[in-house]
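What follows is a short report on a single structure.
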Amino acid sequence: MLGAEIMWGVSAPVGKIILMGGISPILLSDSRMIGAAILFWALSLFTKPEKVSPQDLLSMFFASLLGIVINQCCFVWGLSLTSPINTSIIATSMPIITMVLAAIVLREPVTKLKVGGVFLGAIGALTLILGSHTGESAGSWAGDLIVIVAQTSFSCYLVFYKGLISKYRPITLMKWMFTYASICVIPFTYNEWISTDWEAVAPAALWGILFFVVGPTFISYLLLPFGQKNLRPTVTAMYNYVQPIVATIAAVIAGVGRFTLPNAIAILLIFTGVFLVTKSKSRTDLSPS
């Protein structure tokens, strides 16, 4: 999960560069889904085939709608309307949404340790995000709302399909999910592909698309099922708080930011929060033996 979140941590600023370089939100979302589908199918050629039942193939279709299609399309669409800082702030809501859904659907207990960890991590993440605010353009309520839909969609995926995720190998799961996602979007976006003036697209945007497909999509979604198999949904979602840490470190390395004492305190709060949620009691722990 840490590896996946590191990749996702740079997706908002890189995505903004791509969108400003002449690529529409639709094309960026399509590129991620189609590119990842190709990469996962290519990787599957070097692994032992795994049979998937027709019922599970249908479940993977609906899982792809929540975990990929709605999540990625709404994220990129919302990012095009609002600012990266607003996007990052809204992303801190996912662990809270996931905790509530897991309590309702999976009957996971909402313990004091878990609640404390979630909100401690949120405070740390917000401290990092707001501390890095340097007067960028404001977002819009429509863009913010669309990003919230993206976060909620992914939370539903984590909770509703934990059993399916644990049943199959990550490559098998993701090659089908991204295939379904591609099939869903191509009929609606074909005209966008052929009407785009590709010669006018900035080279930085094209390189950004390549990075987006390989890094925050292929590699992240390859790592994601490993974390989902071994972690409870709320714990998995808690790693979302790693993203602002990555963004802060990237800014320091790029020379556009500096590391301060509040940054160090915020990072300590985030990792403490993740640790507390990891150590909180699960439903199994609280069940009588």
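In the hydrophobic cluster analysis, where Ile, Leu, Val, Met, Phe, Trp and Tyr join through side-chain heavy atoms closer than 4.5 angstrom, Leu224 is grouped together with Ile219. Both Leu231 and Val105 are members of a single hydrophobic cluster when ILVMFWY side chains are connected at heavy-atom separations under 4.5 Å. Under the 4.5 Å side-chain heavy-atom criterion for Ile, Leu, Val, Met, Phe, Trp and Tyr, Phe160 and Leu57 are members of the same hydrophobic cluster. Two different hydrophobic clusters hold Ile186 and Ile183 under the rule that ILVMFWY side chains link at heavy-atom gaps under 4.5 Å. Criterion: ILVMFWY side-chain heavy atoms under 4.5 Å apart, direct or through other members. Under it, Phe188 and Phe75 are not part of a common hydrophobic cluster.
The minimum heavy-atom distance between Val69 and Cys184, with the atom names listed, is CG2-CB, 4.4 Å. Contact detail for Phe211 and Pro216: the closest heavy-atom pair is O-CD, 3.1 Å.
Using modelled atom types and a 3.5 Å distance limit, the side chains of Ser166 and Gln228 yield no donor-acceptor pair.
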Stepwise side-chain hydrogen bond (donor to acceptor under 3.5 Å, both in side chains) test for Ser59 and Asp56: CA-CA 5 Å; Ser59 295; Asp56 286 339; 4.5 Å; no
Asp30 and Glu192: CA distance, side-chain angles, deciding distance, side-chain contact (heavy atoms from CB on, under 4.5 Å) verdict: CA-CA 10 Å; Asp30 273 20; Glu192 185 83 16; over 6 Å; no
CA sep, side-chain torsions, deciding dist, call: Leu173, Leu164, side-chain contact (heavy atoms from CB on, under 4.5 Å): CA-CA 9 Å; Leu173 183 70; Leu164 180 69; 4.3 Å; yes
Criterion side-chain contact (heavy atoms from CB on, under 4.5 Å) on Trp198 and Leu27, from CA distance to verdict: CA-CA 11 Å; Trp198 291 97; Leu27 288 181; 4.0 Å; yes
Residue pair Thr196, Ser24: steps toward the side-chain contact (heavy atoms from CB on, under 4.5 Å) verdict: CA-CA 9 Å; Thr196 298; Ser24 69; 5.5 Å; no
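With sequence neighbours left out, Ser153 forms a side chain to side chain donor-acceptor pair (under 3.5 Å) with no residue at all.
For the atom pair CE of Met33 and OG1 of Thr179, the computed distance is 12.5 Å after rounding to the nearest 0.5 Å. Note that OG1 of Thr172 and NZ of Lys167 are 12.5 Å apart. Values are rounded to the nearest 0.5 Å. To the nearest 0.5 Å, atom CD1 of residue Ile23 and atom CD1 of residue Ile18 are 8.0 Å apart. To the nearest 0.5 Å, atom CD of residue Glu5 and atom CG of residue Leu2 are 8.5 Å apart. One distance of note links OG of Ser44 with NZ of Lys175; it measures 4.0 Å at 0.5 Å rounding. Atoms CZ and NZ, on Arg169 and Lys229 in that order, are 8.5 Å from each other to the nearest 0.5 Å.
In this structure, the side chains of Asn71 and Leu66 stay at 4.5 Å or more apart for every pair of heavy atoms. Annotation: side chain of Tyr180 is not in contact with side chain of Leu65 (no heavy-atom distance under 4.5 Å). Residues Thr236 and Thr98 have side chains not in contact (no heavy-atom distance under 4.5 Å, counting atoms from C-beta outward). Arg232 has its side chain within reach of Lys114: a pair of non-hydrogen atoms, C-beta onward, lies under 4.5 Å apart. At a threshold of 4.5 Å between non-hydrogen side-chain atoms, the residues Met177 and Tyr161 do not count as touching. Looking at Met99 and Ser155, their side chains never come closer than 4.5 Å, going by heavy atoms from C-beta outward. Here the side chains of Ile70 and Phe154 are not in contact, with every heavy-atom distance at 4.5 Å or above. Taking the side chain as every heavy atom from C-beta outward, Leu222 and Phe40 approach each other to under 4.5 Å.
Ile26 belongs to no hydrophobic cluster, as no Ile, Leu, Val, Met, Phe, Trp or Tyr side chain comes under 4.5 Å of its own.
Formation of a donor-acceptor pair under 3.5 Å by the Ser31 side chain with backbone atoms of Ile209 is not found in this model. Distance alone, capped at 3.5 Å, places no donor-acceptor pair between the Trp176 side chain and the Val52 backbone. No donor-acceptor pair closer than 3.5 Å links the side chain of Thr217 to the backbone N or O of Val214. Side-chain atoms of Ser220 never come within 3.5 Å of backbone atoms of Met7 as a donor-acceptor pair (strictly under, hydrogens ignored).
Taking the six-membered ring for Trp, Tyr221 and Trp8 have ring centres closer than 6.0 Å.
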